[in-house]
There are 2 protein chains.
Amino acid sequence: MVKKAGSTQRREESLSRDRIIEASIALLDGSGERGLTFRALSERLATGPGAIYWHIDNKSDLLIAACDAIIASAMNAPSISAEPEAAIRALALGMFDAIDAHPWVGSALTRAPGQLPMVRILERIGQQVRALGVPEDAQWAAVSALLSYILGVSGQNAANAHIAREQGLDRSNFLDEVSTVWSELDPNEYPFTLSVAGLLRVHDDRVDFLAGIHLILRGIASAHGR
Amino acid sequence: MVKKAGSTQRREESLSRDRIIEASIALLDGSGERGLTFRALSERLATGPGAIYWHIDNKSDLLIAACDAIIASAMNAPSISAEPEAAIRALALGMFDAIDAHPWVGSALTRAPGQLPMVRILERIGQQVRALGVPEDAQWAAVSALLSYILGVSGQNAANAHIAREQGLDRSNFLDEVSTVWSELDPNEYPFTLSVAGLLRVHDDRVDFLAGIHLILRGIASAHGR
DNA sequence: ACCTGAACACCGTTCAAGT
DNA sequence: ACCTGAACACCGTTCAAGT
C-alpha cells in the first residue's frame, strides 16, 4: 500500500494525484459539491492548500478527475449481454446507479463536455448502436440522443439530491413538497402538471429512466429497418 | 445617473424585484454565470448589496427568477401549428434558441427541478402529448423523456458556451479543439469516438437536437397506436 | 418600508520560502 | 522535486444604523 518514498517507509503514503482524487470523492460523497474545498481537502490530507496545486491544475480539473474515476468504473463493468439493446439498457442503468450513489457526478459530467468521462460513455453507447445495425450516417444522431437523454436525467437527479440535502430532506420528502406545490397550481393554466402531481409521489425514477431509454431505442428501430 | 430621492419624481425607477432581475439577465448575458455577483449587481443598480436582499431571498432565488423570465417568454410564444408533433418540435426549438441566446439558462434550469421554469416547459409538452392521443398512463413517460432530453441538450450547450468563454474561444474553435483531441484517441479503445471526431467540426447542433426530438416522437408513435 | 455599507465567514489560487 | 502556509482578491450574506 505504500506509494512514494524518499527515504524508507512512512505511515501515510505521500501526496499524489490519486490520493487527492480519492479524498475528493470521499468529500463529495459525504457533503456534496459544497463539501469539496481546498481547505477541507488539505485538512483531510494533512497538508497545505498549496501542495494540492502541485498535483492538479485547478478545481475544475479536480472535479473532472473525480468524476472520471466514478464513470470509468461504471463503464468498465463488462456488459453481460450480447444483444445490443439489452447492452444499452444495462449501460444506461449502470450510469443511473453510479449517479444515484454519487449525485455530484451528474452535474460534474454536464460541466465537462467533450472530456474523458463523457467520451467513455459516448464510446460505449456508440459501439452498441453500431452493433444494432444503425446505418453509419444515422449513428451520430442515435448516439447523441441517447447521451443527451442520459445526461439530462443525470443532471436532474444531481439537482434533486443537491436540493434535498440543502433543505435537510430526504429525496421522497422533497418530491412530496414539489408534488404539493404542483397540486395547488391553477387548473386552467396547468392542467397537465396538475394531472401528474400525484404521480410524483409514487413514481420510480429508475423505471421512468428506463422507459425513456426504451422510447428512444424504439424510435431508432422504427427509423431504421424494423 | 442619480438614483434615489424621497420627494417627487426621479430619473430612474426605484429598486424592485423586476429591475433586479432585469439587471441580472444583462449581467449573465454579458459575462456568463461568473458575471452575476451581488457586487456587480449592486454597482449596476447603484445601490448596496444589502438592498438587493430586501427584494430577493438569495442568489439561487435570483438565478431561478432570471431563468424563469427567459423561459416564460420562450414558452408564451403561441404555437402556430395545430398538429401536435409539429407543435412539440416548435416548442423544443423555442427552448433551444432561448438557451442559445442565453446559455446560462441551460444550467440554471437544471439546478431548479420542479420549480416554475421547468413546470412551464412540462406543461406545454404535456398538453401536446395529450393532443397526440397518448394514453393517459403513458403520458408521463413520454413527457419526461422529452423533458429530460431537452434539459440534457440545454445543459450541454450551456457547458460548451461556458468553457468556450472561459478559454476565450468561440464555439466553433472550441469544437475544433475537442475534435482534435478525439481524433488522437487510441483506435483500439475508442473506435466509435474516433469515427465521429470529424463530424464534430461540421455538425449543426440545432439539426442534431431536432433529430433527437424526432427519434423520441417516433418512439412514442410506435409505442402507441401508430 | 426600504436602503446603506461595513463586517463576517468563507472561497480558489499564488508564491516566496522551506526541505 | 515536492511541500508549507501566509497572503491576495475575491465571494454570499448579515445586520446595525440610517431615512
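The sequence lines fix the lettering, A, B, ..., with proteins before strands; numbering per chain opens at 1.
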Whole angstroms only, please: what is the [atom1]-[atom2] distance between [X] and [N]?
{"X": "Leu62(A)", "N": "dC11(C)", "atom1": "CG", "atom2": "P", "value": "15 Å"}
{"X": "Glu33(A)", "N": "dC11(C)", "atom1": "CD", "atom2": "P", "value": "15 Å"}
{"X": "Trp54(B)", "N": "dC2(C)", "atom1": "CH2", "atom2": "P", "value": "6 Å"}
{"X": "Leu41(A)", "N": "dT13(C)", "atom1": "CG", "atom2": "P", "value": "12 Å"}
{"X": "Glu43(A)", "N": "dG5(D)", "atom1": "CD", "atom2": "P", "value": "13 Å"}
{"X": "Lys59(A)", "N": "dC10(D)", "atom1": "NZ", "atom2": "C1'", "value": "14 Å"}
{"X": "Arg17(A)", "N": "dC2(D)", "atom1": "CZ", "atom2": "C1'", "value": "16 Å"}
{"X": "Tyr53(A)", "N": "dT14(C)", "atom1": "OH", "atom2": "P", "value": "6 Å"}

Closer to the 5' end of DNA chain D via nearest nucleotide, is it His55(A) or Asn58(B)? His55(A)
Assign each of Arg39(A) and Ile52(A) to its nearest nucleotide of DNA chain D by heavy atoms, then name whichever residue's nucleotide is nearer the 5' end. Ile52(A)
Starting from the 5' end of DNA chain C, give me the residue, Ala51(A) or Gly48(B), whose nearest nucleotide shows up first. Gly48(B)
How are the rings of His203(A) and Trp140(B) set relative to one another: parallel (under 30°), tilted (30 to 60°) or perpendicular (over 60°)? perpendicular
For residues Gln156(B) and Ser148(A), is any side-chain donor paired with an opposing acceptor at under 3.5 Å? no
Residues Ser195(B) and Arg130(A): side-chain donor-acceptor under 3.5 angstrom: yes
Of Asp61(A), Asp57(A), Asp68(A), the one forming a salt bridge (Lys or Arg N to Asp or Glu O under 4.0 Å) with Arg17(A) is Asp61(A)
Using Watson-Crick geometry (N1-N3 plus N6-O4 or O6-N4) or G-U wobble (N1-O2, O6-N3), each under 3.5 Å, dT19(D) is paired with dA1(C)
Which base sits across from dT14(C) as a Watson-Crick or G-U pair, both distances under 3.5 Å? dA6(D)
With sugar-phosphate meaning primed atoms plus P, OP1 and OP2, does Leu36(A) contact a base, only sugar-phosphate, or nothing at under 4.0 Å between heavy atoms? sugar-phosphate
Can you confirm if the aromatic rings of Phe96(A) and Phe209(A) lie within a centre distance of less than 6.0 Å? yes
